[in-house]
Amino acid sequence: MVSRGEWLDAGLGLLAEEGAPAVTIERLTGVLGVTKGSYYHHFKGAAGYKAALLEYFELRYTTRLIDAVEKSGDAKDKLLHLLRLVLADSDSAGLEIAVRAWALQDVEVRAAQERVDKARTAYLKKLCRGLDADVDPDRFAQLLYLILIGAEQVVPPIGTRDVRKIYDLVLRLID
């Protein structure tokens with residue numbers, strides 16, 4: 001039997017590669033090479049799977065990163081650690097785009113995306129308020145987040161190396 005995590009990883013993979021319409025029980029069972037019985041063992045239909053998938057996305061790409069960063073030093077160390085973690089996960093860009101596109105068409109996904117964005121920006125604001133810099137910490141936090149989101153949304157997307165250079169440029173404001 002396939003684990004709950006394997007079902008969710010497969011769903012995130014399909015979502016990132018092909019978008020929300022591809023995340024169906026038929027596609028998931030095909031990717032995982034299992035029957036529908038395992039799916040129904042872990043989830044209560046499509047609505048249950050979608051809720052679990054969105055929760056997993058939030059946990060993996062927001063909560064887990066914040067928890068990892070909290071083990072760092074001061075606010076600047078945490079901020080730099082967070083940026084390294086985010087930029088190291090190049091696989092997440094397609095997923096972020098797919099979730100945002102899905103959020104435009106589905107109110108439940110939109111609510112999840114709003115929670116994720118609020119949690120991320122709230123954490124960035126917390127970190128930026130701890131910096132000893134001559135910048136508006138809340139606006140600086142928003143700028144950092146918008147760089148990442150914007151870099152993923154333009155066509156073609158801005159690559160990780162160039163985003164890192166943009167962050168290096170912007171971080172000079174707090175030195």
Identify the heavy atoms of [X] and [Y] that sit nearest to each other, and give their distance.
X   : Y   : answer
A98 : L15 : CB-O, 3.1 Å
A52 : R4  : CB-NH2, 3.3 Å
A10 : V31 : CB-CG1, 4.3 Å

Atom pair [atom1] ([X]) and [atom2] ([Y]), whose distance is rounded to the nearest 0.5 Å:
X    : Y    : atom1 : atom2 : answer
L65  : L59  : CG    : CG    : 9.5 Å
D106 : L54  : CG    : CG    : 7.5 Å
E6   : M1   : CD    : CE    : 11.5 Å
I174 : L80  : CD1   : CG    : 6.5 Å
R139 : L144 : CZ    : CG    : 13.0 Å
I66  : T62  : CD1   : OG1   : 6.5 Å

Indicate yes or no: at least one non-hydrogen side-chain atom of [X] is less than 4.5 angstrom from one of [Y].
X    : Y    : value
V23  : W102 : no
L8   : R60  : no
V2   : H42  : no
L53  : W7   : no
D77  : D74  : yes
F140 : L171 : yes
F43  : K50  : no
R129 : D138 : yes

Can you tell me if [X] uses its side chain to pair, donor with acceptor, with the backbone of [Y] under 3.5 Å?
X   : Y   : value
T29 : E26 : yes
Y56 : D9  : no
Y39 : G45 : yes

From CA spacing to verdict: side-chain contact (heavy atoms from CB on, under 4.5 Å), R164, R84: CA-CA 9 Å; R164 191 171 284 120; R84 278 191 303 274; over 6 Å; no
Residues R100 and E152 bridged, charged N to O under 4.0 Å: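 A salt bridge is absent here (no side-chain N lies under 4.0 Å from a carboxylate O).
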Atom [atom1] of residue position [X] - does it have more than 12 heavy atoms of other residues, nucleotides or ligands inside 6.0 Å?
X    : atom1 : answer
D134 : CG    : no
D168 : CG    : yes
E55  : CD    : no

E70: salt bridge (charged side-chain N to carboxylate O under 4.0 Å, His left out) partners, not counting sequence neighbours: K78, K126
If you group Ile, Leu, Val, Met, Phe, Trp and Tyr by side-chain heavy-atom gaps below 4.5 Å, do [X] and [Y] land in one group?
X    : Y    : value
L83  : V170 : yes
V109 : I25  : yes
Y61  : L87  : no
V135 : L146 : no
Y123 : Y167 : yes

R120 and E96: CA distance, side-chain angles, deciding distance, salt bridge (charged side-chain N to carboxylate O under 4.0 Å, His left out) verdict: CA-CA 13 Å; R120 291 172 178 176; E96 292 281 341; 2.7 Å; yes
Verdict with supporting geometry, L124 and L82, side-chain contact (heavy atoms from CB on, under 4.5 Å): CA-CA 9 Å; L124 279 169; L82 180 62; 3.8 Å; yes
Working for salt bridge (charged side-chain N to carboxylate O under 4.0 Å, His left out), residues R110 and D117: CA-CA 10 Å; R110 181 178 176 86; D117 284 343; over 6 Å; no
